[in-house]
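Here is how names work: the chains are called A, B, and so on, in the same order as the sequence lines, proteins then strands, and each is numbered from 1.
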Amino acid sequence: MGQIICSCENPKFPNLGRPNCVIEQRAIAFPILVPRYKADGITRNTVDVTDPNIGVVIQALLLASVDAESRIYPFPRCENVTFERTDDVYDTAASSTKFLVPFVGGVRTMKAENWAKNAVHAMLREFKKIGCTDVDMYLVDVAGSLWGIKDDINDTLMRGYAVSTETFVAFKEWATDTTVMKLMSSWDFDRTECEENSYAITAGELGYKATTLRANQQAYTDSEALTTLTAEVKVYTGFGTAGVRGKVIGLVDANFVLSVAGVPFAATAVETSDGEYTLTYAIQVGTVDVAVVNATGFDVTGSDFVAL
Amino acid sequence: MKVLEIGKEKWNADALCKMTEDEAIRKLSKNYTPDQIRNAWKQANKKK
C-alpha cells in the first residue's frame with residue numbers, strides 16, 4: 001500500500017485535473033511472473049522503458065536460453081481475474097469517532113482461473129514450482145498493455161508488482177456435468193506495494209499486443225548410449241497420456257550440446273521417430289552430459305549417460 | 001546395463017532388447033551395416 005507522506009511545513013493537496021487522453025488499465029488478461037532478483041540475489045529484474053526496442057527486448061526475455069533467474073514466465077490467458085482488498089482497520093472510540101490505523105489491512109489478493117486446455121494436470125505441475133523463490137508479476141491487460149511499477153515518476157526502469165510469494169496457492173477444480181476443469185490460483189501483492197505507481201507500456205510502444213506473449217513448454221530428455229559411437233536421446237513433454245508422452249520434434253544437430261566434464265564435442269543428430277534422436281559422435285570416455293538448446297518454444301531439462 | 005562386446009564395438013544389450021530388429025536397424029544405420037546391427041540385436045535378445 002502507498003504511503004501518505006505528510007509535510008506540515010509544506011503541505012500538499014491533490015490536483016485532480018487531467019488531460020483529454022489518459023491510459024486506462026483494462027481487465028487483466030494474465031500475469032507474467034518474473035523472479036524478483038537475478039542470480040546474484042541483488043539486482044532486481046526490470047525492463048528499461050526508455051529502450052527504443054523495448055518490444056524486442058521483452059520478447060527476448062521469454063527465451064529458454066536466458067538465465068532462469070532473468071527470464072519472464074507468462075501465464076496462459078486467465079478467466080475471472082479479480083482483485084479483492086481486505087478491509088481497512090479502524091480504531092473506534094467509545095464516542096464512535098473512528099481513526100484509521102495506517103498500514104494495517106487493505107491487503108490486495110489477486111485471483112485467476114485457467115480453464116479447460118489451460119488447466120490440464122501438466123500445467124498444474126508447473127504451477128507447483130511457484131512459491132520457493134520470491135517473484136514479481138507484470139500484468140497484461142486485455143488491451144495488450146504491459147503494466148508494472150515505477151517507484152518514482154522519473155525512473156527509467158520498470159519492475160513487476162511485488163508478490164507476497166508466501167501466499168501463492170494453485171489447485172485443481174474438477175470438471176462436473178456442467179463445468180470444465182479449472183486451475184485456480186491466487187496470491188497477495190506485497191503489503192508495501194504502491195498500486196498508484198502503476199505504469200503501462202502500451203501495445204503501440206511494444207509494437208505488438210502483450211497478450212501475444214506466450215510461455216515455453218517444459219520438456220525433458222532421457223538419454224542412453226546405444227553403442228560406442230551412438231546414443232539415443234528422447235525429448236518429451238509432460239503432456240500426453242499415461243503411456244504416451246508428448247514429443248518434441250524437429251530438432252537438429254545444432255540443438256544438441258554433448259559434453260564430458262564441461263568440454264563439448266561434436267555430434268550429429270537424426271530424428272529416427274517423433275521425439276527420438278540418434279546421436280553419432282567419436283568415442284568418448286566417462287559421463288556424457290546432454291543439453292538441448294534453442295528449441296523454440298521449449299525449456300528442455302538435460303540428462304546424462306555413461307559412454308560405452 | 002548389459003554390454004555386448006563385438007569386435008571393437010560395445011553395444012547396449014538392454015536397449016537393443018527393447019527395440020524390434022527393424023527399429024534397431026533404423027536407429028543405428030548411420031554408423032553400422034544392417035548385418036552388423038542384426039547380429040548385435042540377435043545376440044542381445046539371446047542373452048535375455
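With respect to chain B, the highest number of heavy-atom pairs below 4.5 Å among A:Thr268, A:Thr230, A:Thr272, A:Thr278 belongs to A:Thr272. In terms of heavy-atom pairs under 4.5 Å with chain B, the best-connected choice from A:Val270, A:Val306, A:Leu229 is A:Leu229.
Of the inter-residue distances, the one linking B:Met19 atom CE with A:Leu226 atom CG reads 4.5 Å to the nearest 0.5 angstrom. Residue B:Glu23 holds its CD atom at 6.5 Å from OG of A:Ser273, rounded to the nearest 0.5 Å. Between the CG atom in B:Asn12 and the CG atom in A:Leu308 there is a gap of 6.0 Å [rounded to 0.5 Å].
The side-chain contact (heavy atoms from CB on, under 4.5 Å) with B:Lys10 is formed by just one residue from the set A:Thr228, A:Ile283, A:Thr227; it is A:Thr228. Each of A:Glu224, A:Glu271, A:Glu232 was checked for a salt bridge (Lys or Arg N to Asp or Glu O under 4.0 Å) with B:Lys27, and the lone residue meeting it is A:Glu232.
Scanning for salt bridge (charged side-chain N to carboxylate O under 4.0 Å, His left out) contacts around A:Glu69 gives an empty result, with sequence neighbours left out.
Atom NZ of A:Lys247 is surrounded by more than 12 heavy atoms from other residues, nucleotides or ligands within 6.0 Å. Other residues, nucleotides and ligands place no more than 12 heavy atoms under 6.0 Å from the CD1 atom of A:Ile249.
Each ring pair (Phe, Tyr, Trp, His ring centres under 6.0 Å) pair with one or both residues in residues 243-268 of chain A, not counting sequence neighbours, appears once here: A:Phe256-A:Tyr277, A:Phe265-A:Tyr281.
The part of B:Leu28 that comes within reach of chain A is its side chain, from C-beta onward, which places non-hydrogen atoms under 4.5 angstrom from that chain.
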